[in-house]
Amino acid sequence: MFMPVGTQGTVKGLSPEELMGIGSQIVLANTYHLMLRPGEALVAAHGGLPGFTAYPGPFLTDSGGFQVMSLGHMRKISEEGVIFKSHIDGSRVELTPERSIQVQEALGADVIMAFDECPPYPAEPQYIRASLERTVRWLERCLSVKTRPDQALFAIVQGGVHEDLRRQSLQATLPFATPGFALGGLAVGESKDEMFPAVGFTAQHLPEDKPRYLMGVGHPEDLVAGIALGIDMFDCVYPTRTGRFGYALTDDGRLNMNSSAPRQQLLPIDPDCDCYACRHYTRAYLAHLLRAEEMLAPRMLSLHNLRYLHRLVERARTAIAEGHFFPWAREWGGRYFKGQR
Ligand SMILES: O=c1[nH]cnc2cc3nc(NCCN4CCOCC4)[nH]c3cc12
Ligand SMILES: [Zn+2]
């Protein structure tokens, strides 16, 4: 499944009603952002993320380590955890495995992530090894302070793009037998030629009967490739972010709604799409809204792009169930990349 990203408790510009209408199943929120603002106590005062956001859920929260490294200032990593300055007000903040679990329990997501370190890319194998070994010690600390039986904690397998380090992380992580496993340390700038072998190797060593979650991925072609390699769950800001920038995802590639051609096209973004935008608007209208900097434009492109990805994984799921995934994937890719040329 594809999980829309609602970093600060909202999938930017979309209402919960719209999200449910396009078939979103799990929304991702971020521990790092919500602990800094408004603080997990306020979310807890609403009974958790569903009461705070009016999105009934389920929710998944990332554990904060990745966001500290990409957003926090003056970070210092130690065995204890990470100390950093808030990107919002510069205040000194400490995030440890224990604190991350405490925040995620207060936020009340249904799936919470172990507090891990996503090594920078590139990084020396020795650094990646030391980091994955610490991530396993942090996993242990997360599990020892977890109190809510109604929340599923997913462990995160690290190891960069190195098969031997992935193997080492798997061997150390699998015994914790968490309800699901995430593939971390990827989609951090490495090439697809490096990422996908690591995805394939790791996924095949994860349990068949538990969800496999590839963090931070991705583009339509990355979802199809990830599904081919055994991935079940994805999240990425791409569909909403590229939608805000005026790009629409279709089976013929990405359509730049800022360009001149769509302004004359009295047809929907994607005639096969059942989203509100495709049922009510022409490309010409949406292109007009974009040029006029009307806020309906980024909203509707975000809505369509999310619906596109949900439909894409629905089609993949059907193809798998009917035993013809690979022919379907080849046909989809042939058309998608023909459009891109
Ligand atoms: O190891 C990880 N641990 C915990 N969370 C993560 C989140 C992650 N997100 C990405 N990639 C997403 C990168 N985005 C792509 C689109 O633009 C924003 C950044 N890689 C990730 C790795 C991890
Ligand atoms: Zn649509």
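Values below: every heavy atom of this structure, side chains too, minus hydrogens, waters and symmetry copies. Keep in mind the model is a prediction, meaning the values are calculated, not measured. Numbering of ligands and ligand atoms starts at 1, following listing order.
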Should the pair Asp252-Lys338 be classified as a salt bridge under the 4.0 Å nitrogen-to-oxygen rule?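 No salt bridge links Asp252 with Lys338.
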
Does Glu17 CD have over 12 foreign heavy atoms under 6.0 Å away?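 Counting neighbours around CD of Glu17, 12 or fewer heavy atoms of other residues, nucleotides or ligands fall under 6.0 Å, so no.
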
Answer yes or no: are there more than 12 heavy-atom neighbours, outside Glu314 itself, under 6.0 Å from its atom CD?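 More than 12 heavy atoms, drawn from other residues, nucleotides or ligands, come within 6.0 Å of this atom.
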
Check the side chains of Gln168 and Glu133 for a donor-acceptor pair under 3.5 angstrom, ignoring hydrogens and angles.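 There is such a pair between these side chains.
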
[atom]: the protein heavy-atom neighbour that sits closest, reported with distance to 0.1 Å:
| atom | value |
| --- | --- |
| atom 2 (C) of ligand 1 | Asp116 OD2, 3.6 Å |
| atom 20 (N) of ligand 1 | Leu186 O, 2.7 Å |
| atom 11 (N) of ligand 1 | Ala187 O, 2.9 Å |
| atom 16 (C) of ligand 1 | Val237 CG2, 3.6 Å |
| atom 23 (C) of ligand 1 | Phe66 CD1, 3.6 Å |
| atom 17 (O) of ligand 1 | Arg241 NH1, 3.3 Å |
| atom 1 (O) of ligand 1 | Gly185 N, 2.7 Å |
| atom 5 (N) of ligand 1 | Asp62 OD2, 2.8 Å |

Just by modelled atom types, is the [Y] backbone N or O under 3.5 Å from a matching donor or acceptor in the [X] side chain?
| X | Y | result |
| --- | --- | --- |
| His324 | Ile320 | no |
| Ser100 | Ser63 | yes |
| Glu190 | Ala187 | yes |
| Lys146 | Arg148 | yes |
| Asn258 | Phe245 | yes |

Could you please compute the angle at the Zn ion (ligand 2) from SG of Cys278 to SG of Cys275, rounded to 10°?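 Seen from the Zn ion (ligand 2), SG and SG are separated by roughly 110°.
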
Please tell me if atom 14 (N) of ligand 1 is touched by the protein, where touching means a protein heavy-atom distance below 4.0 Å.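 So far as the 4.0 Å threshold goes, atom 14 (N) of ligand 1 is out of reach of every protein heavy atom.
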
Element-labelled atoms of ligand 1 that are located less than 4.0 Å from some non-hydrogen atom of Gly184: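 Within the 4.0 Å cut-off of Gly184, ligand 1 contributes 1 (O), 2 (C).
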
Record the part of Met113 in heavy-atom contact with ligand 1 below 4.0 Å; permitted values are side chain, backbone, both and neither.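 No part of Met113 comes within reach of ligand 1.
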
Kindly give the atom name of the N, O or S atom of His304 closest to the Zn ion (ligand 2).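 The Zn ion (ligand 2) is closest to the His304 atom ND1, counting only N, O or S.
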
